[in-house]
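We name chains A, B, ... by the order of the sequence lines, and we start the count at 1 in each one.
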Amino acid sequence: MALENLLDGLNPAQKEVVTSTEGSVLVLAGAGSGKTRSIIYRTAYLIHHKHINPWNILTVTFTNKAARELRDRLQQYFGISAHSLWFGTFHSICTRILRQETEFIPFNSNFSIYDSADQKALLNKIYKKLNIDKKYFPVNKVKSVISEQKSSLILPKDFFDFNEENMFTNNVYKIYQEYQKSLQANNALDFDDLLLYTALLLHDNKLVLKKYRNLFRYVMIDEYQDTNYAQFKIINLIASQHQNLCVVGDDDQAIYTWRGADIKNILQFEKDYKNVKTIKLERNYRSPAVILNLANSLIKNNQQRHAKELWTDAESEEKPLRYSLLNGAEEAKFVAEKIVEKKAANFRYEDCVVLYRTNAQSRAFEKAFNLQNIPYQIVGGINFYQRKEIKDILAYLRFLINSADLESFTRIINFPSRKIGNVTVEKIYHNASIENRQVWDSLQTKKNPYLNRGTQDKVDKFTDLIQKFRLLATEKPVTEITAKLIKELELIELFNASDDPQDIARMENIKEFISATEEFSELFEEENERKPLLTEYLQNISLQTDLDTVNEDNDNVKLMTMHNAKGLEFEHVFVVGLEEELLPHIRSMQDERAIEEERRLLYVAITRAKSTVTLTYSESRRIFGQIRYFLPSRFLHELDEKYIQYGNSNFYDRFQPPKDSRSKIPRPEIVTENQKHFKIGQEVLHPKFGVGKILSVNGKDKNAKLTISFSDGALKKILGNFVETI
DNA sequence: TTAAGTATGCTTTTT
DNA sequence: GCATACTTAA
């Protein structure tokens, strides 16, 4: 395509983005401002006009789906073969780099990638080994502390503050250290490690750094507002020399600071790089003016933001609607009815999306949609690859490739049941450590003095099975291996024979898994002209998310969290569950900055809409099986009344006073679980001092002055705000 | 060693 | 209200 044509149809700001190829460029791109388009055209411009080799361009996206979309469109519009381009998420690109550079990292190239369930299983083992009490060191909490450390490139050795003597950091340090050791022993990396080891590699190894600096001569990063320190560092190492770096983002859409994303990365970009050219894309091509105005009226309540206002030419008669419903079931029923209306008005189901704050909210909608025969698809929640039956098969496949992976081994040794229990597994481990060899090597000798004859036979059968399939895995394509394995294990028969209705679904999932490997094989064969081996398949799927398996051909309503909706657009958007404690979420309510992030989340949700927005508030909701009442979200009060229409109203809504005089509302008393009522003798958790017992309470709730005796013996006076009840 | 029965804790949000 | 983790009996 000629240059003139290439730039046709872009607005001046977009043109600027496309043609500013040299030096550092910061693109502040509002929602729906054609940022994906700009990235595609910029890539095409680099290749066609500047004659840059495709393999010298690195483009980092937020999801695999976004990467695939860029690929497809480049191919489609410009006939550029995606083959040689570096497109992907930080995680997938880091994986690619690490598999190539295994001689410089403490792993071999068959490393497994552990997801959060694998991490937890590993941590549980470590807790046992170190004799640590889960009650005082909740696995999820410790996991997130470790993740936080890794995202900031803080290793165990840097983590421990030797001047500080306290139980909590002390133990978390021990766990962190042991955790890293175990991962290495299993030849496995977790998600954060992918970034961590890449950053360390580039930082410590001059030669490798040079290689990638030369390779990635032009770098583009999408969703830059949601990058963390490790990601910043990786890019900075690669791009600081040539400075050909273009970052695209929108501080109003930063919704991942809880994951370590640092909004400073985008706010300080002009300081981190030289002679930065800043381009703003403020014209919105997605939503009508009423919707944009509504979104603007909300987001302007945030203090921490670059001032900007999206605008559009598009007008619409339909104001966003706001409804109050009695409970979660009514809310779901209401949305279902509205969707039936849309369908009758000649829209497709796939034009509709339901956006909620937490995955748990999906259940009510599933029920209501089933009742009305509305086809739907839940995106996210429990990922396909995280389902138990799928993880079990994956564990087999992983163990075939990476025999050091003991997490996978423990999953499969007794699945399906071979009557090999924990006692036997412990004996296997014990024998391996006595023999001072890897578990798999030890198994292959088929001589374990701790096992009796019968048990040894059972274990040997397993060993034979694995040996047989390991041999197959080196030569046969993945689909064949998988199908053979499932047949050999008689999984289909196993689930078929059961009368648990859930086992039917499990069987279906297993069948779907085989088709998924087939699907991958076909794609792989197109590009590589041969069928993929097991290794190649495994490398591909560890980073797959649900968003990647969304079936675009099916006409169904999509249900997803607001986080998952980032970067997507729909004709009709239903934003549900607009209540205090849900949005903003109760866990974000202590902190003004967290509340701003919740506000951005709603902003992202509203700006997904191409035609209509419907907001719903539910007065009551079942939480953990108990009915609780909620106030309408504070954000509903912030929305400018000019741009919104009340579909209905109810008693509490009409009498809803400003949020500072909440106590005057005539309504049932709201008792929240997490309100901090401190009692003497109660155990609490402090982020720094760890676990302690309350000796005295002075005052109420978060303002209470507490005297706490910590487990390391220290006695401290602390404000209730700083501790968590456990 | 397993199956059945019981207790617990879980819900933010995800690569 | 559900899934899991743990306990107990067979």
Nearest to the side chain of [X] - [options]?
X        : options               : value
A:Lys419 : B:dT1, B:dT15, C:dT4  : B:dT1
A:His563 : B:dT15, B:dT13, C:dG1 : B:dT13
A:Arg622 : B:dT13, B:dT15, C:dG1 : C:dG1
A:Phe191 : B:dT11, B:dT15, B:dT2 : B:dT15

Answer yes or no: does a side-chain N or O of [X] lie under 4.0 Å from OP1 or OP2 of [N]?
X        : N      : value
A:Asn414 : B:dT2  : yes
A:Thr424 : B:dT1  : yes
A:Thr561 : B:dT14 : yes
A:Asn564 : B:dT13 : no
A:Asn140 : B:dT11 : yes

When the distance from [atom1] of [X] to [atom2] of [N] is rounded to whole Å, what number comes out?
X        : N      : atom1 : atom2 : value
A:Tyr127 : C:dC6  : OH    : P     : 13 Å
A:Asn359 : B:dT15 : CG    : P     : 11 Å
A:Phe630 : B:dT11 : CZ    : C1'   : 12 Å
A:Glu598 : B:dT11 : CD    : C1'   : 13 Å
A:Gln119 : B:dT14 : CD    : C1'   : 11 Å
A:Leu355 : B:dT13 : CG    : C1'   : 13 Å
A:Ile595 : B:dT13 : CD1   : C1'   : 16 Å
A:Leu601 : B:dT13 : CG    : P     : 11 Å

Could you tell me whether the side chains of A:Tyr114 and A:Asp193 share a donor-acceptor contact shorter than 3.5 Å? no

Check for me: is A:Tyr256 stacked on B:dT13 by the 5.5 Å centroid and 30° plane-angle rule?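 Given the distance and angle limits, no, they do not stack.
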
Salt bridge present between [X] and [Y] (N-O < 4.0 angstrom):
X        : Y        : value
A:Glu597 : A:Arg600 : yes
A:Arg96  : A:Glu101 : no
A:Arg634 : A:Glu638 : no

After noting the C-alpha distance and the side-chain angles of A:Tyr256 and A:Phe62, does the key distance pass the ring pair (Phe, Tyr, Trp, His ring centres under 6.0 Å) rule? CA-CA 11 Å; A:Tyr256 282 94; A:Phe62 196 72; 5.0 Å; yes

First encountered from the 5' end of DNA chain B, between A:Thr455 and A:His585: A:Thr455

Give me the distance, rounded to whole Å, that separates B:dT13 from C:dT4 when you measure between the P atoms they each carry.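 Straight-line distance between the two P atoms is 16 Å.
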
Can you tell me how far P in C:dC6 sits from the matching atom in B:dT11, rounded to whole Å?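 Taking atom P in both C:dC6 and B:dT11, they lie 16 Å apart.
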
Per the salt bridge (Lys or Arg N to Asp or Glu O under 4.0 Å) rule, what does the pair list look like for residues 249-261 of chain A, sequence neighbours excluded? A:Asp250-A:Lys308, A:Asp251-A:Lys308, A:Asp252-A:Arg305, A:Asp252-A:Lys308

